[in-house]
Amino acid sequence: MRTRRWLAIAALLAGYFFVTNEQEAYAMHIMEGFLPAKWALFWWGLFLPFFLVGLRRLVRTLKEHPEQKLLMALAGAFTFVLSALKIPSVTGSSSHPTGIGFGAALFGPWVMVVIGTMVLLFQALLLAHGGLTTLGANALSMAVVGPLVAFTVYQLHRRRFVSQRMALFLAACLSDLATYVTTSVQLALAFPAPEGGVLASFLKFAGIFAITQVPLAVTEGILTVMVWNWLASYQASPLFQREKGA
Amino acid sequence: MKKNRWLFAFVLVLILLPLWWARGSEFGGTDDQAERAIQTLAPHYRPWFESIFTPPGGEVETLLFSLQAALGAGVIGYVIGLYKGRSERKNGHDSRV
């Protein structure tokens, strides 16, 4: 059964490689200064409440379950590594995965809001990758929308629609894609096309870079399942035992 | 972890295939292309804020990126190794497990 599922995924992927051709792709994180001030403020305003709630949840989780500190460090490190990997894609450009889905599946969405934001802040400050003015927008797409999507998708497993590993794969994969779709919405709103407006602009951004991101999202899904497999084989935490008992 | 071996092979294919599929490309970052796209959509737009710190040159940028990956990978290795050790110690008392 499981082999057949992976074969189906491989077949889908092969089909995907055949329909794509070289195109330009857009946007990892929105560059510093590349959102007009009013939009930068708008996304900051939308993002901050999520961050504050996330921070409170994180502190509370650590207080109630100090033994989860290790796993949380692992989730953070995973995001840290994956967002440093600029992986070539079939479109002839590179982009990177987000690594958000793993932690969101383990801890729920809120912890990853904080962790994701810290990674983005690091990249904005030291690598000139993304930016401070655009941090609100970037954090909303990667550290808010990403974890929320991952967590929601992961619940499929609780409802017994798919196996746990499949749910994890889909959660990581789709949260990665959702992040980049959100980015293109943000760019489209700030830069509507002269003809066709926001929608045309969105289709341009999303249509093109979604294609770049698809193989990277699949890569992220697989890497996430791999780390999960390691942890599960060592029964690494109470979290896993709980999952087993459920 | 035989399953992981297959998964890893698949990841390798996913990463290497583009190098062959889109050979001749530069595989530049998508953010540079976003910059260009914005300039075609809004030719008069000027970025209104500069990065506080920009890595001086590509080499330093590469250094910082690899530092990011190395630190993260170190933590991942440490945590997984720790869990492995713990589970081995626990199972060591009962060799049948």
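Lettering follows sequence order; numbering is per chain, from 1. None of these values were measured; they are calculated from a predicted model.
At a 4.5 Å heavy-atom cutoff, the contact between A:Leu127 and chain B is made by backbone and side-chain atoms alike. Residue A:Leu132 touches chain B through its side chain alone, counting heavy-atom pairs closer than 4.5 Å. At a 4.5 Å heavy-atom cutoff, the contact between B:Leu82 and chain A is made by side-chain atoms alone. In this structure, the portion of B:Thr40 lying under 4.5 Å from any heavy atom of chain A is its side chain and not its backbone. Only the side chain of A:Ala40 comes within contact range of chain B, with at least one heavy atom under 4.5 Å from a heavy atom of that chain. Residue B:Tyr45 touches chain A through its side chain alone, counting heavy-atom pairs closer than 4.5 Å. The contact between B:Ile76 and chain A is made by backbone and side chain atoms together, counting heavy-atom distances below 4.5 Å. Neither the backbone nor the side chain of A:Leu82 comes within contact range of chain B; no heavy atoms are under 4.5 Å apart. For A:Thr134, no part lies near chain B; criterion is any non-hydrogen pair under 4.5 Å.
In this structure, B:Tyr78 places its OH atom where only 12 or fewer heavy-atom neighbours from other residues, nucleotides or ligands lie under 6.0 Å away.
Side-chain contact between B:Leu41 and A:Leu187 is absent, with no heavy-atom pair separated by less than 4.5 Å. At least one side-chain heavy atom of A:Asn229 sits under 4.5 Å from a side-chain heavy atom of B:Leu7.
Taking the six-membered ring for Trp and thresholds of 30 and 60 degrees, A:His129 and B:Phe65 have ring planes more than 60 degrees apart, a perpendicular arrangement.
When all heavy atoms of A:Ala128 and B:Ser51 are compared, the closest pair comes out as CB-OG, 3.7 Å. Across all their heavy atoms, B:Glu50 and A:Glu32 have their closest contact at C-CG, 3.6 Å. In plain terms, the two heavy atoms of A:Leu126 and B:Phe53 that are nearest each other are O-CE2, 3.2 Å. Listed here is the closest heavy atom pair of B:Arg86 and A:Leu70: NH2-CD1, 3.9 Å.
Counting heavy-atom pairs under 4.5 Å between each of B:Ile52, B:Val60, B:Ile80 and chain A puts B:Ile80 at the top. Among B:Ala69, B:Ala42, B:Gly72, the residue making the largest number of heavy-atom pairs under 4.5 Å with chain A is B:Gly72.
In this structure, B:Gln68 contributes its side chain and A:Phe80 its backbone to a donor-acceptor pair below 3.5 Å. Between the B:Trp48 side chain and the A:Leu35 main chain, a donor and an acceptor come within less than 3.5 Å of each other.
A:Glu220 contributes atom CD, which lies 12.5 Å from atom CG of B:Leu14 (distance to the nearest 0.5 angstrom).
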